[in-house]
Amino acid sequence: MIIVPENAISELVSLSDCFDAVEKVFASMAKKSAYNFPVIREAIGHQDALYGFKSGFDRETLALGLKAGGFWPHNVERGLTNHQSIVFLFDADTGKCRAVVGANLLTAFRTAAASAISIKHLARADAKVLGMVGAGHQAAFQLRAAVSQRQFERIVAWNFHPEMLPRLAAVAAEIGIPFEAVELDRLTSEADVIITITSSFNPIIQASEIRPGTHLACMGTDTRGKQEVDEKLVAAATLFTDEVAQAVSIGECQHAIAKGLIAEDDIIEIGSVISGTAIGRSSPDEITLFDGTGVGLQDLAVASAAVDLALSKGVAINVDV
Ligand code: NAD
């Protein structure tokens with residue numbers, strides 16, 4: 001069995017490796033050659049923790065496995081990351097455990113890859129201003145991945161906790177793109193692409209505020225009850241997602257579905273756009289919205305990439321189990 005520890009990932013795997021792996025698996029999902037198994041997520045009644053599994057199988061790459069982990073809100077008091085994740089990969093021919101891969105950084109990478117993929121396929125080619133809503137752990141990764149997809153000239157950002165924005169500004173400075181913390185109305189009136197990555201339970205952006213031609217990547221809503229944008233905005237946009245089943249149950253689309261404003265058939269899996277069986281943006285004035293819910297196959301795809309890179313660079317740790 002191969003072990004790729006958490007502390008080896010940053011040297012081994014790049015955002016661009018994850019982008020390629022996730023783009024491929026999204027296409028396989030749309031072709032139905034890769035599928036996610038039902039998600040398990042439980043409040044365990046200890047340390048206020050949420051624990052669960054995301055799993056699946058990709059028949060094209062033979063990636064089979066699960067990501068286990070969750071959210072331990074008191075970890076920060078112990079100097080640990082609140083989100084804890086690990087991926088187990090199994091040999092699809094024998095069922096033997098093939099690899100164990102630290103997946104904290106990989107989770108941020110695969111989530112950032114998803115929104116960047118949506119920008120590649122759905123944003124206007126002439127998008128110049130990137131709007132960031134959110135400034136937590138994931139936001140910095142989202143920003144880094146997004147800027148490689150268009151010639152962004154400016155970043156405008158808003159966060160519910162404004163004191164967190166300087167951290168995002170530092171990332172923008174490192175990348176070399178001018179950054180401005182703004183009020184929400186300025187963000188929505190100036191941004192061509194908007195990424196939302198918060199843990200909000202109430203809509204932050206209203207339908208009336210969004211300009212024609214905007215692309216939104218709504219990445220924060222991954223649980224029943226969370227919401228980042230007004231359901232009327234969801235209803236007005238052309239909708240894309242990683243997986244429809246998750247979008248309507250735990251994603252941003254859940255509220256518009258519950259209010260009868262949209263139907264499941266209104267949501268296009270981005271893999272169909274990637275593989276060319278569906279049209280992405282069809283006009284410069286269209287509002288496109290990607291509901292990124294985060295699927296287990298993304299985790300398996302990036303963990304498999306980490307194993308392949310560890311093997312090719314001769315740094316894989318082999319143990320007998
Ligand atoms: P974090 O705790 O580091 O940051 C939380 C962010 O949400 C901050 O910007 C904070 O200011 C903001 N926020 C907190 N309370 C808010 C409120 N009431 N209203 C508006 N904003 C509020 O979290 P993170 O790790 O950056 O994750 C952000 C979100 O992304 C979470 O909801 C997380 O579950 C989700 N997530 C989604 C995926 C996916 O695949 N779609 C993957 C990982 C994380």
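Atoms within each ligand, like the ligands themselves, are counted from 1 in listed order. Treat the numbers as computed from the prediction; the structure is a model and nothing was measured.
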Checking the N or O distance criterion of under 3.5 Å, is ligand 1 in contact with A135?
yes
For atom 20 (C) of ligand 1, which candidate among F160, F71, F141, W158 holds the nearest heavy atom?
F160
Using a 3.5 Å cut-off on N or O atoms only, is G220 in polar contact with ligand 1?
yes
Heavy-atom nearest option to atom 3 (O) of ligand 1, drawn from M132, E163, K54, H137:
H137
Can T196 and E228 be counted as having a side-chain donor-acceptor contact under 3.5 angstrom?
yes
Atom 38 (C) of ligand 1: which of V76, T111, D242 has the nearest heavy atom?
T111
What do you think, any protein heavy atom under 4.0 angstrom from atom 32 (O) of ligand 1?
yes
So for ligand 1, is G292 a polar contact partner (N or O within less than 3.5 Å, distance only)?
yes
Is it the side chain, the backbone, both or neither of T198 that has a heavy atom closer than 4.0 Å to ligand 1?
both
If we only count N/O pairs under 3.5 Å, is T107 in contact with ligand 1?
no
Numbering the atoms of ligand 1 from 1, which are under 4.0 Å from a heavy atom of K226?
31 (C), 32 (O), 33 (C), 34 (O)
Counting only heavy atoms closer than 4.0 Å, does ligand 1 sit against the backbone of T221, its side chain, both, or neither?
neither
Pick whichever of L165, D222, T196 has a heavy atom sitting closest to atom 36 (N) of ligand 1.
D222
Under 3.5 Å between some N or O of ligand 1 and some N or O of M164?
no
Run the salt-bridge test on D299 and K54 with the 4.0 Å N-O cut-off and return the result as yes or no.
no
Does Q298 reach ligand 1, in the sense of a heavy atom lying below 4.0 Å from it?
no
How long is the gap from OG1 on T238 to CG on L122, to the nearest 0.5 Å?
9.0 Å
So does R150 pair up with D126, basic N to acidic O under 4.0 Å?
no
Between E60 and K24, is there a side-chain N and carboxylate O pair less than 4.0 Å apart?
no
Is the closest heavy atom of H83 to ligand 1 under 4.0 Å?
yes
Classify the ring geometry of F88 against F90: parallel below 30°, tilted from 30° to 60°, perpendicular beyond 60°.
parallel
